[in-house]
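Let me begin by presenting the structure, written as structure tokens, before commenting on it.
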Amino acid sequence: MENTALTKGSSQRSQMCIQVEDLWKIFGENVERCFSPEMRASSKATILEKTGCVVAIKEISFEVQKGEFFVIMGLSGSGKSTLIRCILRLIKTTAGRILINGDDICSYNDQQLTHLRRNTTAMVFQQFGLFPHRNVLDNVAYGLKVQGVAEEERYIKAREVIDKVGLKGWENYLPSTLSGGMQQRVGIARALAIEPEILLLDEPFSGLDPLIRRQMQDELIGLQEEVQKTILFVTHDLDEALKLGSRIAIMRDGEIIQVGTPEEVITTPGNAYVREFVQDASPAKVVTAKNIMEQPKVLLYEWQGPKAAMHTFRTTMTNSIFLVSHTGILLGLITLERLVKLIRNRGNSLKEALEPDLPTCTADTVIEELFPLAVSTMHPIPVVDEAGRFMGEIYNSSIMISMIQEKETGETEESDKEESHV
Ligand SMILES: Nc1ncnc2c1ncn2[C@@H]1O[C@H](COP(=O)(O)OP(=O)(O)O)[C@@H](O)[C@H]1O
Ligand SMILES: [Mg+2]
């Protein structure tokens with residue numbers, strides 16, 4: 001099933017799914033004129049004025065790893081849909097290369113292109129693009145029919161994905177009888193039915209009500225956990241991009257002006273344009289526990305006795321210390337008060353002195369979710385990994401400070417500017 005190019009390269013290269021290299025797409029006549037040094041240095045508006053050509057994609061390069069959720073974000077007209085159409089080769093590219101699993105699809109013949117579109121890629125559109133006179137089942141089975149899959153088999157497969165997107169029971173309904181959110185679930189099911197390697201979604205949720213939209217985003221995250229496709233997701237909505245993307249490419253006037261993780265985009269915006277975009281986004285939604293966690297000065301270990309623990313408390317002048325197992329699993333938090341009680345009661349095991357109801361979080365818990373934890377306890381919040389191993393601790397004060405700092409950074413820059421004018 002896998003392309004040979006996948007297994008040929010080095011291990012790192014084999015993880016690469018899509019590589020776009022110096023890609024150009026220009027609409028208009030005699031587009032070569034746009035490649036002159038003068039035009040290359042000009043803005044999209046100037047080029048249009050001087051040549052009548054629209055530079056929809058200007059020298060774009062980026063790479064998408066296998067299994068990555070890659071978001072392309074930009075305002076309307078920035079070239080997002082054109083880029084997607086180039087990757088599907090629905091339109092001819094002007095210059096540059098697009099490699100899928102190491103194969104340059106710009107040199108594909110018609111037969112290869114058909115195979116690419118039928119088997120490797122699947123597309124979900126903003127306007128759903130369903131067949132109005134076919135029921136849900138036939139809409140979802142359509143791609144399989146085109147592939148030549150026998151009726152019985154394609155219906156089995158279609159029912160399976162209909163179930164997956166939560167539309168069981170709706171198989172025989174026509175799209176027009178479904179809500180927008182449900183129609184887009186059909187669109188997603190249709191795309192997933194052919195088991196594509198790459199899923200391309202062009203503003204799939206832009207036409208939906210905010211509440212439904214949020215719900216669909218959550219469902220897509222869940223689906224991706226399950227199916228692990230390589231996803232190219234287009235949006236003009238920053239919050240959506242930050243929520244969904246493992247990495248985000250920000251486009252403006254046909255160029256990619258920054259590629260980064262949601263955190264990188266928020267914390268180190270590539271330039272003034274990106275900064276303007278992200279200034280409204282709350283850091284509470286993107287800065288995570290791992291950014292503000294610290295390594296504790298000391299830990300207590302389950303094999304230690306109460307007296308040894310007391311010695312540690314004395315030498316470190318602290319009120320509470322986390323207790324971990326032989327394998328680093330977090331067992332709980334011991335406070336000085338409880339330890340004193342334990343020793344008075346002649347207890348032997350530190351486990352008897354654990355603080356009850358200890359809140360925990362993981363490395364990717366966002367600050368927004370840490371707030372309620374922070375107010376529920378006076379002790380640091382432990383960060384654990386999936387196996388429950390202790391990774392670090394977060395002070396309540398760090399949560400507050402990180403929020404305030406974010407605000408102040410913005411303000412400081414403003415006052416710096418003012419000072420420099422003086
Ligand atoms: N077929 C076309 N002919 C001429 N110009 C086009 C065509 N398709 C798109 N464009 C232009 O290319 C630019 C990018 O458009 P598009 O990719 O649709 O942006 P987005 O999807 O980000 O809104 C726009 O300036 C648009 O007007
Ligand atoms: Mg578009």
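Just so it is clear, the structure is predicted and the values come from calculations on it, not from any experiment. Whatever order the structure lists ligands and atoms in, that order sets their numbers, starting from 1.
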Quick one, Glu264 and Arg247 - any side-chain contact, counting heavy atoms below 4.5 Å?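 With C-beta onward as the side chain, the pair stays apart.
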When you compare the side chain of Arg213 with that of Asp237, does any pair of heavy atoms fall below 4.5 Å? yes
Looking only at distances, can you tell me whether any N or O atom of [X], backbone or side chain, sits closer than 3.5 Å to an N or O atom of ligand 1?
| X | value |
| --- | --- |
| Ala56 | no |
| Gly79 | yes |
| Arg85 | no |

Worked check of side-chain contact (heavy atoms from CB on, under 4.5 Å) between Leu333 and Phe322: CA-CA 4 Å; Leu333 182 81; Phe322 288 109; 3.4 Å; yes
Compute whether any side-chain donor of one residue and acceptor of the other, for Asn135 and Glu171, lie under 3.5 angstrom apart.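 On atom types as modelled, these side chains do not qualify, holding no pair under 3.5 Å.
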So, Ser81 and the Mg ion (ligand 2): N/O/S under 2.8 Å, yes or no?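 It does; at least one qualifying atom falls short of 2.8 Å.
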So for Lys44, does at least one of its heavy atoms come nearer than 4.0 angstrom to any atom of ligand 1?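 Yes; Lys44 lies near enough to ligand 1 that a heavy-atom distance drops under 4.0 Å.
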Heavy-atom contact check, 4.0 Å cutoff: does Gly74 meet ligand 1?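 So Gly74 does not count as touching ligand 1.
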Does the protein put any heavy atom within less than 4.0 Å of atom 27 (O) of ligand 1?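 No, no protein heavy atom sits under 4.0 Å from atom 27 (O) of ligand 1.
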Can you list the atoms of ligand 1 that are under 4.0 Å from a heavy atom of [X]?
| X | value |
| --- | --- |
| Val54 | 11 (C), 12 (O), 25 (O) |
| Leu75 | 22 (O) |
| Ser76 | 23 (O) |

Does Thr121 reach the main-chain N or O of Ile198 with its side chain, forming a donor-acceptor pair under 3.5 Å? no
Using 4.0 Å as the upper bound for N to carboxylate O, is an ion pair formed by [Y] and [X]?
| X | Y | value |
| --- | --- | --- |
| Lys44 | Glu255 | no |
| Lys66 | Glu197 | yes |
| Glu160 | Lys157 | yes |

Heavy-atom proximity to atom 15 (O) of ligand 1, best of Asp253, Ile84, Thr82: Thr82
